[in-house]
K.L.:
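Pasting a structure below so you can have a look.
Along the sequence shown, residues carry numbers from 1.
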Amino acid sequence: MEVFNPSIVVRGSSTHIAFRGALRQGERPYRAFYGVDNGDGIVDIQDLTEFANRLGVRRVADPKLVELQDEVYVSWNTGWVASGENEIYLQRLTPSLSDPQRCVFDGRNRIEKNWAFFERGGDLQVLYSVAPLHILSLAGKFGKDEDLVFRSTTRESVAKVGQRFSIGTQLLRVDSNTFQLIIHDKLLRIRNHRAYVGRLAQLDLSGKPKITFGTRALVHSWRSMLPQVRPNKGNPHLIFATYFSGISSVEGQLLLSYGVNDVDYGFAHADPASLW
């Protein structure tokens, strides 16, 4: 089984993980899976792609775990499409799998990848973009089994810093006004070929919303940054990537999960103060 781009959340004695992968070597498109270990060492793996297929959704890409309403949710998209728009979904995983809810925003891009969801003041909001900073709010009530329609509430006209930056992980709450995430820094872009590293970022909502970016590049290893040359790579446009998919807090340390060049994965513990 091929496994990469894991997204991890630890809640008490339970460890939740979502990841991309293939049941057999060379299977394409990749599938998405979710599993939980409730502390007994037994992991029940569920096929999110198969679940979505039964509801008429063909593809599940980029699963990212996030805690909302004291439950674990996963966001995912339907990948690249040749025409029209792809779709973003939010799906509750605990206490059991629910039907995914399509996320709607009139000002969206044709192809969407990662939205970072968070709650504030009882409302569901979305970090839609980090550069320029763009935040959305749910127009209706969170918890109803219907499309989630969002409207723009905060938007910079141009990116003040970090024009290369995009959303990586979901958001991790630090306090009532502060959230952290790992963003992706597209270091290189040559003829549609890209190279990614991670950076810590912090969203501050105590006053006028602002986002601060760390200066340290986060990579799996120097060796992993060598240009990737593989005949059957799933992503032919990738030069190299440490692709961050998960962020959780364990005993004051950050637990980060990430993919390596769309072929491998890694986990890392880190003191948040050391990542700036």
K.L.:
Check whether any side-chain heavy atom of Phe4 lies under 4.5 Å from a side-chain heavy atom of Asn261, and answer yes or no.
P.N.:
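No - every pair of side-chain heavy atoms lies 4.5 Å or more apart.
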K.L.:
When rounded to the nearest 0.5 angstrom, what is the spacing between CZ in Arg20 and CD in Glu2?
P.N.:
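Going from the CZ atom of Arg20 to the CD atom of Glu2 covers 11.0 Å.
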K.L.:
Give the minimum heavy-atom separation between Ala32 and Val60, together with the two atoms involved.
P.N.:
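Shortest heavy-atom separation between Ala32 and Val60 comes out as CB-CG1, 3.4 Å.
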K.L.:
First locate atom CG of Asp47, then atom CD1 of Ile45, and finally report the distance between them rounded to the nearest 0.5 Å.
P.N.:
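These two atoms lie 10.0 Å from each other.
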K.L.:
Is it true that His16 and Tyr34 share a donor-acceptor pair across their side chains at a distance under 3.5 Å?
P.N.:
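The answer is yes; a qualifying pair exists.
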K.L.:
Please assess Arg110 against Val81 for the test side chain to side chain contact (heavy atoms under 4.5 Å, CB included), listing each intermediate value before the final yes or no.
P.N.:
CA-CA 9 Å; Arg110 190 183 81 82; Val81 291; 3.9 Å; yes
K.L.:
Quick check: are there more than 12 heavy atoms from other residues, nucleotides or ligands sitting under 6.0 Å from CZ of Arg120?
P.N.:
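Enclosed.
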K.L.:
Check whether any side-chain heavy atom of Asp62 sits under 4.5 Å from a side-chain heavy atom of Asn114, and report yes or no.
P.N.:
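Sidechains of Asn114 and Asp62: in contact.
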K.L.:
As an exercise, state the distance from NZ of Lys186 to CD1 of Ile239, rounded to the nearest 0.5 Å.
P.N.:
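Separation between the atoms: 13.0 Å.
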K.L.:
Under a plain distance cut-off of 3.5 Å, with no hydrogens placed, do Asn77 and Arg59 share a side-chain donor-acceptor pair?
P.N.:
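No, no side-chain donor-acceptor pair sits under 3.5 Å.
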K.L.:
For Gln202 and Thr212, which I'm curious about, is there any donor-acceptor pair between the side chains at under 3.5 Å?
P.N.:
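No pair is found: no donor N or O on one side chain lies under 3.5 Å from an acceptor on the other.
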K.L.:
Arg189 and Arg164: side chain to side chain contact (heavy atoms under 4.5 Å, CB included), yes or no, with the steps?
P.N.:
CA-CA 10 Å; Arg189 185 161 187 163; Arg164 304 187 310 251; over 6 Å; no
K.L.:
Looking at Arg24, I'd like to know if its CZ atom is crowded, meaning that more than 12 non-hydrogen atoms belonging to other residues, nucleotides or ligands lie closer than 6.0 Å.
P.N.:
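Result for CZ/Arg24: open.
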K.L.:
Does any part of the side chain of Thr242, heavy atoms only, come nearer than 4.5 Å to the side chain of Leu218, both counted from C-beta?
P.N.:
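No, their side chains stay 4.5 Å or more apart.
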K.L.:
Show every donor-acceptor pair shorter than 3.5 Å between a side-chain atom in residues 127-143 and any protein atom, with sequence neighbours excluded, or say none if there are none.
P.N.:
from: Tyr128; atom 1: OH; to: Asn109; atom 2: N; distance (Å): 3.1
from: Tyr128; atom 1: OH; to: Glu112; atom 2: OE2; distance (Å): 2.4
from: Ser129; atom 1: OG; to: Ala131; atom 2: N; distance (Å): 3.4
from: Ser129; atom 1: OG; to: Pro132; atom 2: O; distance (Å): 2.7
from: His134; atom 1: NE2; to: Ser152; atom 2: OG; distance (Å): 2.8

K.L.:
Looking at Asp70 and Arg11, does any basic side-chain N land under 4.0 Å from a carboxylate oxygen?
P.N.:
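Here Asp70 pairs with Arg11 in a salt bridge, since their nearest N and O are under 4.0 Å apart.
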K.L.:
So Leu93 and Val36, do their side chains get closer than 4.5 Å, heavy atoms only?
P.N.:
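No, their side chains stay 4.5 Å or more apart.
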K.L.:
Applying ring pair (Phe, Tyr, Trp, His ring centres under 6.0 Å) between Phe33 and each of Phe19, Phe51, Trp76, report the one that passes.
P.N.:
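Result: among Phe19, Phe51, Trp76, Phe19 is the only option passing the ring pair (Phe, Tyr, Trp, His ring centres under 6.0 Å) with Phe33.
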K.L.:
Determine the interplanar angle of the Phe179 and Phe118 rings, folded into 0 to 90°, and report it as parallel if under 30°, tilted if 30 to 60°, perpendicular if over 60°.
P.N.:
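Answer is tilted, since the angle falls between 30° and 60°.
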K.L.:
Within the supplied structure, the quantity of interest is the number of heavy atoms (other residues, nucleotides, ligands) at a distance under 6.0 Å from Tyr73 OH; does it exceed 12?
P.N.:
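Yes.
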K.L.:
List the atom pairs, donor and acceptor, that lie under 3.5 Å between side-chain atoms in residues 247-254 and the rest of the protein, sequence neighbours left out.
P.N.:
from: Ser248; atom 1: OG; to: Val10; atom 2: N; distance (Å): 3.0
from: Gln253; atom 1: OE1; to: Asp271; atom 2: N; distance (Å): 3.2

K.L.:
If we only count heavy atoms from C-beta on, is the Trp115 to Ile167 side-chain gap below 4.5 Å?
P.N.:
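The answer is no, as the side chains (C-beta and beyond) never meet within the 4.5 Å cut-off.
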K.L.:
Indicate if Leu187 and Trp222 have the same hydrophobic cluster label, given that clusters are the connected sets of ILVMFWY residues with side-chain heavy-atom separations under 4.5 angstrom.
P.N.:
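Hydrophobic grouping puts Leu187 with Trp222.
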K.L.:
Test Ser14 against Asn38 for side chain to side chain donor-acceptor pair (under 3.5 Å), laying out the working first.
P.N.:
CA-CA 4 Å; Ser14 297; Asn38 289 313; 2.9 Å; yes
K.L.:
Are Tyr258 and Phe244 an aromatic pair by the rule of ring centers under 6.0 Å?
P.N.:
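Here the rings of Phe244 and Tyr258 have centres that are less than 6.0 Å from each other.
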K.L.:
Atom CZ in Phe165, atom CD1 in Ile183: separation rounded to 0.5 Å?
P.N.:
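It is 4.5 Å, given to the nearest 0.5 Å.
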K.L.:
Quick one: CG on Leu68 to CG on Leu65, what's the gap to the nearest 0.5 Å?
P.N.:
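Separation between the atoms: 10.5 Å.
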K.L.:
Rounded to the nearest 0.5 Å, how far apart are CG of Leu172 and CD of Glu67?
P.N.:
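One finds 8.0 Å between CG of Leu172 and CD of Glu67.
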K.L.:
Counting C-beta onward and ignoring hydrogens, is there a side-chain heavy-atom pair between Leu97 and Gln91 closer than 4.5 Å?
P.N.:
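When only atoms from C-beta onward are counted, Gln91 and Leu97 do touch, with a gap below 4.5 Å.
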